[in-house]
Amino acid sequence: MESLGVLLTLPMNPYLEAELHRRCHLFRLWESPPAHRKDFLQANAPSIRAVVGNATVGADAETIDALPRLEIVASYSVGLDKVDLARCRERGIRVTYTPDVLTDDAADLAIGLSIATLRRLCEADRYVRAGSWKAKGDYKLTSRFSGKTVGILGLGRIGLAVAKRAEAFGCPICYHSRTKNPNVNYKYFHSVLELAGNCDVLIVACPLTKETHHIINHEVINTLGPKGVLVNIGRGPHVDEPELISALVEGRLGAAALDVYEHEPDIPEELFRLENVVLTPHVGSATWETRKAMADLVLGNLEAHVLNKPLLTPFL
Amino acid sequence: MKPTKCRVEERGTEDDRNPNPKPFSSLTTPPPAMESLGVLLTFPANSYLEEELSKRCKLFRLWETPPENWRQFLRANAGSIRALVGTSTVGADAEMIDALPALEIVASCSVGLDKVDLAKCRERRIRVTNTPDVLTDDVADLAIGLAIATMRRICEADRYVRSGAWNAKGDYKLTSKFSGKTIGIIGLGRIGLAIAKRAEAFDCPISYYSRSEKPHTNYKYYSSVVDLAANCHILIVACALTEETRHIVNREVMDALGPKGVLVNIGRGPHVDEAELVSALIEGRLGGAALDVFEHEPHVPEQLFGLENVVLVPHVGTATWGTRKEMADLVLGNLEAHATNKPLLTPVL
């Protein structure tokens, strides 16, 4: 491990960074100003054999091309939309990610956001802290969560975990996925549009690919409708954000809970004024427990690679 | 009788897919027995209920009289008032019951009966009904929603985003995982069981305290609240408020729950020693809290407003369109049964 040159793309986890620094030869990409990135990479390319990226900065084609000795990309995330997988395949570069360890957190957030949105928990909390309960009286009535039909887009690990939780609230589950899952009893719809037309709460839990870019578009949003709730715990680009905002403002969509956005951390300010949205800053896996487990998985994969052992969680 | 401020329900968006909910009874005219039933409604918490009572019975609205004139008002109308519909805010205390010699039934629009003097009702043989079951899901949903919101700091994170801090200061801090944490439930009644069922789906081990151990569950029983608190991560109050359970969550319990523990109160404000709670939170002896109820609603200790480890909601446990309508229908159904000499739907006494 000592001789493994690792490029860390962002200060994503102090523990991970400290371990990489201790055990490997660590290069911190963010320490060089963006204008000098190319030079930085060129200068260190002979040493860099591994890249550790995350959901914000991964390993795009340009980065991969600048690193001729790159052998492995160990992503500190389960989503690989920021890794040029085609390039990695071409070059025979291994790719690992962090599935399973973050499944619970992401699913917990999806359910927490759904309840928070339907029951207006954050608005109610604001109402109390503003002194309005005393000044104006009881808060308004909201919508029930239990028993609402939950539609899941993408029935992978996270989608299944969301479904398992929602079932305990008596929520009928339906889903759309590229292929039908033969091992579940949930109702399958062949298109996102049909799914949106048949559920009350639509939860995005699929990977971001070319095909799923803006999969939640004007038509889907309108179909989900004035009583529908959209919960995005996937990736910002899953949703046509300007469309979403006008739908929320105009009442064509009932409510939304967003953990991800098209241009994080820039969020359209129109969202800030809405009482029918809950906004969180990409915290899907952001617990102490999970981030440590993710870091350990990254370190474990790098160690396995260096020792020529089977990778722990390979994607490529 | 305590004076309380009159509050007006703000209409939000309709929850049901049906925008025109039908009234409870399918009859076009109420049975004669209902028409002559004098009903005292203590509080304007439910406009649908108020409208139906006004249409079908002889309705007296307690809040239209200033509290200092309540005695007079009751005396003047005592001859007519045979039923009282109370809420979790204003029920039927001894004084009120004594002032209503013709009172036959108290139909509470709540499942909790801590605001009804049950002893007095027993003495006077006054029937008492409540609204169990129809509100169980909403309250359990809130308990879980509040628990997740607290552990994951959802409301704080939302504030962080809206203040522009994500851009200005960087990522929000790490929080605590909810799944897999041990949940301790005080009171394993309908609501407690519904909370347990939901929490199990998050792989949370369940333990509980109750007056007696429940024979048909696999959950771990503790015979003292302090032991329960010492052995769980998230303590949820879901029992009835009685003389015995007042301040059941006291300093000892909070210290046992500890600096990483989270208290969720969806019961009644007086279940928790509120002053102790505030100092425990401020001093870090208790990790966090989510409160739907308070000792002196709508007063909430302002020291709580500045804390990032609490979630505060204004007694919204049953406050959805669907549930409030079902509660109202149950109240109306109980009154109708009483007026027509049929078995009450959900009697407690």
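The structure displayed is predicted, hence computed values, not measured ones. Lettering follows sequence order; numbering is per chain, from 1.
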What part of B:Val311 lies closer than 4.5 angstrom to a heavy atom of chain A: side chain, backbone, both or neither?
-> both
Part of residues 160-167 of chain A lying next to chain B, heavy-atom separation under 4.5 Å = A:Lys164, A:Arg165
Chi angles and distances behind the side-chain contact (heavy atoms from CB on, under 4.5 Å) call for A:Asp125, B:Leu312 = CA-CA 5 Å; A:Asp125 177 286; B:Leu312 309 166; 4.1 Å; yes
Hey, what do you get for NE2 (B:His315) to CH2 (A:Trp133), rounding to the nearest 0.5 Å?
-> 7.5 Å
If you tally heavy-atom pairs under 4.5 Å against chain B, which of A:Thr287, A:Asp104, A:Asp259, A:Thr290 wins?
-> A:Thr287
Please walk me through it: do A:Thr142 and B:Val316 pass side-chain contact (heavy atoms from CB on, under 4.5 Å)?
-> CA-CA 9 Å; A:Thr142 58; B:Val316 292; over 6 Å; no
Qualifying residues under salt bridge (charged side-chain N to carboxylate O under 4.0 Å, His left out), relative to B:Glu302, sequence neighbours excluded = none
Cut-off 4.5 Å, heavy atoms of chain A, and the answer for B:Ser163 is neither
Quick one: which of B:Glu326, B:Lys173, B:Arg153 has the most heavy-atom pairs under 4.5 Å with chain A, could you say?
-> B:Glu326
CG (A:Asp138) and OG1 (B:Thr89) are apart, to the nearest 0.5 Å, by 6.5 Å
Spacing of NE2 belonging to A:His282 relative to CH2 belonging to B:Trp166, to within rounding of 0.5 Å = 7.0 Å
Which bit of B:Leu174 comes within less than 4.5 Å of chain A, counting heavy atoms only: side chain, backbone, both or neither?
-> both
Pick one of side chain, backbone, both or neither for A:Leu118, based on which atoms fall under 4.5 Å of a heavy atom in chain B.
-> neither
With the side chain counted from C-beta on, respond yes when A:Leu279 and B:Tyr160 share a heavy-atom pair under 4.5 Å apart, and no when they do not.
-> no
Looking only at non-hydrogen atoms, find the nearest pair between B:Ile144 and A:Phe169 and report the distance.
-> CG2-CZ, 3.9 Å
Show your reasoning for whether side-chain contact (heavy atoms from CB on, under 4.5 Å) applies to B:Asp137 and A:Phe145.
-> CA-CA 9 Å; B:Asp137 285 342; A:Phe145 174 64; over 6 Å; no
If you count the non-hydrogen atoms of other residues, nucleotides and ligands that lie under 6.0 Å from CD in A:Glu269, is the total more than 12?
-> no
Could you look at A:Leu10 and say if it's the side chain, the backbone, both or neither that has a heavy atom under 4.5 Å from chain B?
-> neither
Chain A: which of B:Glu200, B:Arg198, B:Arg159 shares the most heavy-atom pairs with it under 4.5 Å?
-> B:Arg198
Please indicate whether A:Trp30 has more than 12 foreign heavy atoms, meaning atoms of other residues, nucleotides or ligands, lying under 6.0 Å from its CH2.
-> yes
Has B:Asn218 got more than 12 heavy atoms of other residues, nucleotides or ligands less than 6.0 Å from its CG?
-> no
Output for pair (A:Leu109 CG, B:Phe178 CZ), nearest 0.5 Å, gives 12.5 Å
How far apart are the C-alpha atoms of A:Asp105 and B:Arg152, what are their side-chain angles, what is the distance that settles it, and do they pass the side-chain contact (heavy atoms from CB on, under 4.5 Å) test?
-> CA-CA 9 Å; A:Asp105 266 0; B:Arg152 298 291 293 271; 3.5 Å; yes
Salt bridge flag under 4.0 Å for residues B:Asp138 and A:Arg144 = yes
What residue, out of A:Arg273, A:Glu289, A:Glu123, has the most heavy-atom pairs lying under 4.5 Å from chain B?
-> A:Glu289
Is A:Pro265 close to B:Asn167 at the side-chain level, that is, under 4.5 Å between some pair of heavy atoms?
-> yes
Distance from A:Asp108 atom CG to B:Lys177 atom NZ, nearest 0.5 Å?
-> 7.5 Å
Relative to chain B, which segment of A:Thr280 carries a heavy atom at a distance below 4.5 Å: side chain, backbone, both, or neither?
-> both
Identify which part of B:Leu135 has an atom lying under 4.5 Å from any heavy atom of chain A, answering side chain, backbone, both or neither.
-> neither
Taking all non-hydrogen atoms of both residues into account, name the closest pair between A:Gly112 and B:Ile154 and its distance.
-> C-CD1, 3.9 Å
What residue, out of B:Pro314, B:Ala201, B:Cys155, has the most heavy-atom pairs lying under 4.5 Å from chain A?
-> B:Pro314
Check each atom of A:Thr56 against the heavy atoms of chain B and say whether the ones under 4.5 Å are side chain, backbone, both or neither.
-> neither
Interatomic spacing from CG in B:Asn46 to CG in A:Leu141 - rounded to 0.5 Å | 7.5 Å
Closest non-hydrogen contact found for A:Arg119 with B:Asp141 is NH1-CB, 4.0 Å
Between A:Ala124 and B:Val313, which heavy-atom pair has the shortest distance, and what is it?
-> CB-CG1, 3.8 Å
Is chain A contacted by the side chain of B:Leu142, its backbone, both, or neither, given a heavy-atom distance below 4.5 Å?
-> both
Please determine, among B:Ala319, B:Ala165, B:Gly306, B:Ala149, the option with the most heavy-atom pairs under 4.5 Å with chain A.
-> B:Ala319
